[in-house]
Amino acid sequence: MAELLLRLHLAPRPFALLLFASSSSSSSSSSSVSPSPLQYRPCFHPHRNNNLLSIQQHRSSSTACSVSRRHSEKGSLKNRGRRALPFRVLFTLSAAAALVFLRRRRTLQQAKARELMAFRKEEEGTAALAVPTIDTHLHVWASPEESKKYPYFPGQEPTIPGSAEDFLKCMAEAGVDGAVIVQPINHKFDHSYVSSVLQKYPSKFVGCCLADPTDGGGGVKELQRLVEDEGYRAVRFNPYLWPSGQKMTNEVGKAMFAKAGELGVPVGFMCFKGLMLHIDEIEELCKEFPTTKVLIDHLGFCKPPKNVEEEDALNHLLGLSRFPQVYVKLSAFFRVSREPFPYKDTWQMLKQLRDTYGADRLMWGSDFPFVTTECGYTNAWHVLPPANSNEAFFSEKDVKACMGGTAVSLFKGGWKNHSSGL
């Protein structure tokens with residue numbers, strides 16, 4: 001039986017059937033006797049050997065034929081599949097290609113979006129660095145010809161030229177973009193000349209009016225009119241215009257200071273005779289009205305200290321930095337320096353101001369036209385060494401803030417029609 005199973009296993013299917021049939025007939029005749037191998041000879045091809053090796057060889061040959069037949073059938077099926085394949089493959093490949101294309105396009109779009117965003121940020125950064133140069137402290141008065149229409153205050157006739165046209169020439173030569181005109185004492189409380197200049201050159205100038213604290217003077221009403229009707233953006237407190245024996249903290253002073261805060265205009269203090277004479281008044285007003293912005297003109301008239309009194313004045317100026325609303329004008333260096341241009345003896349003081357206030361609370365001013373008889377207007381805005389020079393002590397960012405950035409931030413919209421885009 002084992003031999004039969006072996007033969008069935010090794011023989012191809014036709015021969016295995018013959019073997020099975022032969023074995024079945026032999027088994028029915030004699031089930032108890034084991035068959036001889038010779039009994040199965042009729043089941044094999046007459047020309048083949050009857051030993052087991054021949055059977056294996058025959059199976060191998062038959063298997064090879066069967067495999068060849070199957071390969072032929074598969075090849076035929078494959079060829080038939082190839083004729084039908086392009087329609088299915090075309091659809092599949094098209095869908096896959098479309099998916100790849102869409103993914104690729106999305107990747108490219110995202111990359112372009114990132115590039116565009118980076119470019120815009122770079123443009124914004126460049127625009128931020130392109131800050132205009134703003135002179136935050138100067139005066140203009142009518143020329144002799146214009147004085148017929150805009151008369152000087154008696155006893156305050158100017159001794160040097162200082163008309164708006166004169167200043168525009170200086171601006172062009174120095175490359176200054178805009179300015180803050182402070183009402184001059186030469187016209188005192190008559191703002192008609194400065195108002196006419198502001199109306200004529202709205203993209204160039206911002207106005208700072210002069211507070212009138214006199215008895216029976218304009219006071220709060222005049223301040224409000226000048227700001228709302230004439231377009232002034234700041235007001236100057238000159239303590240020497242207050243009635244004799246009175247301080248800037250009197251009733252009218254506090255009322256005007258509070259109104260300035262309501263109107264959103266900063267108050268500039270002109271301490272011509274020294275900061276220490278008025279520091280208490282300034283501090284009191286800052287404490288009581290913290291929303292009113294404050295400008296300290298001309299470095300508070302503090303000189304580079306050489307004695308205890310000067311050191312005390314500078315320390316009080318630095319101490320005002322504790323009030324967030326206080327700004328300092330880096331202006332009229334010739335009034336505080338003991339040296340000629342570029343006034344190097346003030347540099348240490350400037351460093352201290354930068355360290356305590358920060359550059360975003362400092363702003364440059366020339367004090368035109370008085371500066372023209374000192375170092376000249378063009379030199380006036382070179383008091384800070386360039387950021388790339390060996391003597392530099394302000395960064396490029398600090399210089400840009402002092403020379404215009406702080407003013408643009410403080411006087412929002414003041415030069416909105418300027419060619420720089422403000």
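For the numbers below, each heavy atom of this structure counts, side chains included, while hydrogens, waters and symmetry mates do not. All residue numbers in this chain count up from 1 along the given sequence.
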**Item:** Under the salt bridge (Lys or Arg N to Asp or Glu O under 4.0 Å) test, residues paired with E374 that sit two or more places apart
**Value:**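 Expected list: none.
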**Request:** Could I get the full list of salt bridge (Lys or Arg N to Asp or Glu O under 4.0 Å) partners for E251, not counting sequence neighbours?
**Result:**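 Here no residue qualifies.
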If you measure from [atom1] on [X] to [atom2] on [Y], what distance do you get to the nearest 0.5 Å?
X    : Y    : atom1 : atom2 : value
E283 : T249 : CD    : OG1   : 12.0 Å
L168 : K200 : CG    : NZ    : 8.5 Å
K247 : L285 : NZ    : CG    : 11.0 Å
Y357 : R322 : OH    : CZ    : 9.0 Å

**Request:** Please collect all ring pair (Phe, Tyr, Trp, His ring centres under 6.0 Å) contacts where either partner lies in residues 386-407, sequence neighbours excluded, each pair once.
**Result:**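 Found W347-F393.
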Identify each donor-acceptor pair in which a side-chain atom of residues 257-276 lies under 3.5 Å from a protein atom, sequence neighbours left out, and give them as a table.
residue: K259; atom: NZ; partner: E262; partner atom: OE1; Å: 3.0

Decide if the gap between the ring center of [X] and the ring center of [Y] is smaller than 6.0 angstrom.
X    : Y    : result
H278 : F237 : no
F153 : F189 : no
H187 : Y152 : yes

Heavy-atom distance under 4.5 Å between the side chains of [X] and [Y], does that happen here?
X    : Y    : answer
L299 : K329 : no
L138 : I181 : yes
D166 : F368 : yes
Y193 : P184 : no
I134 : F411 : no
P202 : L198 : no
C402 : M363 : no
W364 : L384 : no

Between [Y] and [X], does any NZ, NE, NH1 or NH2 come within less than 4.0 Å of an OD or OE carboxylate oxygen?
X    : Y    : result
E310 : R338 : yes
D297 : R236 : yes
E284 : K287 : no

**Prompt:** Between E146 and K149, is a salt bridge (charged side-chain N to carboxylate O under 4.0 Å, His left out) present by the stated rule, with each step listed?
**Reply:** CA-CA 6 Å; E146 294 172 320; K149 183 177 181 181; over 6 Å; no
Looking at [X] and [Y], what are the two nearest heavy atoms and their distance?
X    : Y    : answer
H191 : C209 : NE2-CB, 3.4 Å
M256 : L223 : O-CD2, 3.5 Å
W415 : A407 : CZ3-O, 3.8 Å

**side-chain contact (heavy atoms from CB on, under 4.5 Å) partners for A332, two or more places apart** =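 With sequence neighbours excluded, A332 shows a side-chain contact (heavy atoms from CB on, under 4.5 Å) to H298, F334, R335, D367, given in chain and number order.
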**Request:** Please list, chain by chain and in numerical order, all residues satisfying side chain to side chain donor-acceptor pair (under 3.5 Å) with E288, sequence neighbours excluded.
**Result:**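 Residues passing side chain to side chain donor-acceptor pair (under 3.5 Å) with E288: K254.
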**Item:** Test log, rule side chain to side chain donor-acceptor pair (under 3.5 Å), inputs Y327 and D360
**Value:** CA-CA 9 Å; Y327 295 72; D360 58 347; over 6 Å; no
